[in-house]
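Here the structure comes first, spelled out in structure tokens, and everything after it is commentary.
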Amino acid sequence: MKRNVLVTGAWPYANYLLHIGHLVALLPGDVIARYYRMNGDNVVYVSGSDTHGTPITERAKKEGKTPAEIAMYYHNEDVKSLEKAGFSYDMYTSTESDYHKEKVMKYFKEMYDNGNIYEKEEEQDYCPKCNKFLSDREIIGTCPHCGGEAKGDQCDSCLASLESNELLNRRCSTCGSTPELRKNKHLYLELSKFQKDIENLIKERESIWRKNALNESKKFLSMGLIDRAATRQLDWGIKIPVDGYEDKRIYVWIEAVLGYITTCERVLEERGESFKDFITDPNLISYYSIGKDNIPFHTIIFPAILKAIGENMSLPTHIISCEFMNMSDEKMSKSKGNLITINDIVDKFGKDTVRYFMIANGPEKKDTNFSENDLIMAHNKFLVGGLGNFINRNVSFINKKFDGVVSEGIVNSDIIKLTKDTYSEVAKLIEAGELRAALDKVFDYVSEANKFYDNSTPWIQVKEDMDAFNNTTYTCMYMIANLSNLLRPFIPDTTDRMKALLGIEENGWNEVTLSGDIKLNDIGLLFERIDVK
RNA sequence: CGCGGGAUAGAGCAGCCUGGUAGCUCGUUGGGCUCAUAACCCAAAGGUCAUUGGUUCAAAUCCAUUUCCCGCAACCA
């Protein structure tokens, strides 16, 4: 039976080019989506650019542009990068799309009408000269602990976490004037109400979610969930569908995660399918491919929002939360300039090499260090020496001696069993989000293929026993055909070429059988060896 | 006691959730093969799985302890 599967990737913030950190966080989603599609399930795979919030407005101000210009520039760049890396989103949109904005306002209104969003009036710092309310971050002053210069949320000198009213000699960070208190009202999401619901969710997902997702979520729950502001003093973002909030916008943390839902709805609408049936399906399987810094938004806030909307939407079943990929033990950072963009690395090494490496060596369970040398080693060993070599040694032989025609033979029965087992084991691993182990499994199969070739010694068989030779090569073709499926979620371009070699079309997640003689098409080398400098 | 992650062969890492012969890649040594991109296959050497204690018939794996290493303003997966 067809399963409903929602796969999502975290929404990148549209103020910088995507880098390999984004890649390792988002790629698992693509592999999972491709796998389920091959399996014949009903897949919706979505993401988009997160375009609102203060960092973009600040950047725009600095560069003399509008926030929309900044956001759309990076959104377009990100679309190109993702395409380049082979992402197969059913839709990659942005939080600036009218569809998203409209739906978010609808959901916001529902939460408000349900009484899960409430108004709170409080005194807030106001800068009389800049004519605006100041957030904690926009207030500077002297740290009460160390006497150093500090911002309102944290002291840069001693790292103490602060409340902005603890600061001495408080000033507006823009103009330096002394802020005064004025009454201001904001809307709050009553997160505290959902403590029990989230606790139950975590308990149910104990054996499914990754360890980092569970630990991080439990930490927040043990501290007790606190209500969060849902509105912000800002003019860039989604308008508040409540009277008296014309000067404010919906806080990004609430609307960005709702993008999963709004975009899912849009995809299904375009397909002419029912969104409601899909999203309330109690058996819906959902994957959220994210980085570890994004965990609480997906395991706590997002489920709480879904509960608060109250339409009985399915809560996340799988959190694919990766660790960080560092550069020589340092966190990648824009200011340090030690980033590698997706564009650069794909241009340099090719889409599939990068995809292979990022899954096989990515930070699935703990931080890893990126090393170009490791990437080259892995490329040469597994893609050239393993997969590429297996195909090339067969093809060269057949081309040389038999003019590119493989005669029908009998496929080795041990290999058939191994093949079927590999399909089911890899499927299980991918569904569990264990992509590294899944890919390892497939490459074990590649290794078995080379062993089979060596042990069969076709170069001797060809002289002594043509039946045996034909059985060997036919078995090899069978393995190539099945590898073109098994590897398809990971390295789709390469598997297309493998299929072209054999002239096969099937793309399902199940054993491919061959019949009759096969005329090989010329596809050249799958991968070229890279020399280490 | 701020929070979190880590410590496994010369290097880089997997295994730990769901205890039961210690595995992969590179490197080293020896052999095989010649179909193949100095590719492929086989074998060997190399580890008291950081420390100490506990649970268990059994611990790299679970619990606790100690030591050492790394990350934790903003941008940011």
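These numbers come from a predicted model, not from an experiment. Below, chain A is the first sequence line, B the second, and so on; all start at residue 1.
When each of A:Asn450 and A:Gly388 is assigned the nucleotide of RNA chain B bearing its nearest heavy atom, the one mapping closer to the 5' terminus is A:Gly388. Across the interface with RNA chain B, nearest-nucleotide mapping of A:Asn455 and A:Phe382 shows A:Phe382 to be the residue nearer the 5′ end.
One atom, CD1 of A:Ile398, and another, C1' of B:C35, lie 10 Å apart when rounded to the nearest Å. Here B:C75 presents its C1' atom at 14 Å from CD1 of A:Ile70, a figure rounded to the nearest Å. The separation between A:Asn394 atom CG and B:A39 atom C1' is 14 Å, rounded to whole Å. Computed from coordinates, the A:Arg393 CZ to B:U34 P distance equals 12 Å when rounded to whole Å. For A:Asn369 and B:A11, the CG to C1' distance is 13 Å, given to the nearest whole Å. The CZ atom of A:Phe324 sits 14 Å away from the P atom of B:G6 (whole-angstrom rounding). Rounded to whole Å, the distance from OH on A:Tyr453 to C1' on B:A39 is 13 Å. Look at CE on A:Met325: it is 20 Å from P on B:C76, rounded to the nearest Å.
Residue A:Lys292 places no side-chain N or O under 4.0 Å from the OP1 or OP2 atom of B:G5. A close approach under 4.0 Å does not occur between any side-chain nitrogen or oxygen of A:Lys451 and OP1 or OP2 of B:C40. Within the structure, a side-chain polar atom (N or O) of A:Lys381 is placed less than 4.0 Å from OP1 or OP2 of B:C40. Side-chain N/O atoms of A:Arg210 include none lying less than 4.0 angstrom from OP1 or OP2 on B:C17. Close to B:C26, at under 4.0 Å from its OP1 or OP2, lies no side-chain N or O of A:Asn380.
Put simply, the side chain of A:Thr263 never gets that close to the backbone of A:Tyr260: no donor and acceptor are under 3.5 Å apart. Here the side chain of A:His100 pairs no donor or acceptor atom with the backbone of A:Glu96 at under 3.5 angstrom.
Checking B:G6, B:C35, B:C17 against every side-chain atom of A:Lys366, the shortest atom distance belongs to B:G6. Among the nucleotides B:C35, B:U37, B:A77, the one closest to any side-chain atom of A:Arg529 is B:U37. Ranking B:U37, B:A77, B:C75 by closeness to the A:Asn15 side chain, first place goes to B:C75. Checked against B:A14, B:C76, B:G32, the side chain of A:Asp454 finds its nearest nucleotide in B:G32.
Across every strand in view, B:G53 sits in a pair with B:C63 that passes the Watson-Crick or G-U test at under 3.5 angstrom. Under the Watson-Crick and G-U wobble criteria, each requiring two contacts below 3.5 Å, nucleotide B:G27 is left unpaired. The partner of B:C40, taking Watson-Crick or G-U wobble pairs whose two distances both stay under 3.5 Å, is B:G32. Nucleotide B:C68 is matched to B:G6 when pairs are restricted to Watson-Crick or G-U wobble geometry with both distances under 3.5 angstrom. If you check B:G47 for Watson-Crick or wobble pairing at under 3.5 angstrom, you find it has no partner at all. Searching all strands for a Watson-Crick or G-U wobble partner of B:A14 with both distances below 3.5 Å returns nothing.
Among the protein residues, A:Lys365 comes within range of the sugar-phosphate backbone only, with heavy atoms under 4.0 Å from sugar or phosphate atoms but none that close to a base. A:Asn389 comes within 4.0 angstrom of a base, heavy atoms only. Using a 4.0 Å heavy-atom distance criterion, A:Ile290 is classed as a sugar-phosphate-only contact. Note on A:Arg59: nothing from the nucleic acid sits closer than 4.0 angstrom, heavy atoms only. Nucleic acid contact for A:Asn392: base, since at least one base atom lies under 4.0 Å from a heavy atom of the residue. Contact annotation for A:Glu216: no contact, since no heavy-atom pair falls under 4.0 Å across all strands. Using a 4.0 Å heavy-atom distance criterion, A:Phe390 is classed as making no nucleic acid contact.
For the C1' atoms, the distance linking B:G46 with B:U29 amounts to 11 Å, nearest Å. Separation of the P atoms belonging to B:G20 and B:U61 is 11 Å when rounded to the nearest angstrom. Of the C1' atoms belonging to B:C16 and B:A59, the separation is 10 Å, rounded to the nearest Å. Comparing the P positions of B:G4 and B:A45 gives a spacing of 43 Å, expressed to the nearest Å. Separation of the C1' atoms belonging to B:C13 and B:A7 is 13 Å when rounded to the nearest angstrom. The gap from the P atom of B:C63 to that of B:G5 amounts to 12 Å, rounded to the nearest Å. Taking atom C1' in both B:A44 and B:U18, one finds a spacing of 35 Å when rounded to whole Å. Comparing the P positions of B:A74 and B:C62 gives a spacing of 32 Å, expressed to the nearest Å.
The aromatic rings of A:Tyr89 and A:Phe87 lie parallel to each other, with less than 30° between the two planes, well short of the 60° mark. By the 30° and 60° cut-offs, the orientation of the rings of A:Tyr356 relative to A:Phe382 is tilted.
Using a cutoff of 4.0 Å between basic side-chain nitrogens and carboxylate oxygens, A:Glu364 and A:Arg436 are not scored as salt-bridged. Checked for salt-bridge contact, A:Arg497 and A:Asp352 miss the test: no charged N lies under 4.0 Å from a carboxylate O. Look at A:Lys84 and A:Asp347 and you find a salt bridge, because one of the NZ, NE, NH1 or NH2 atoms lies within 4.0 Å of a carboxylate O, short of that distance. Under the 4.0 Å criterion applied to side-chain N and carboxylate O atoms, A:Lys366 and A:Glu323 are not assigned as salt-bridge partners. Ionic pairing of A:Glu63 and A:Arg59 is present here: one or more N-O contacts between side-chain nitrogen and carboxylate oxygen are shorter than 4.0 angstrom.
Under the stacking definition used here (centres under 5.5 Å, planes under 30°), the residue A:Phe397 fails to qualify as stacked on the base of B:C35.
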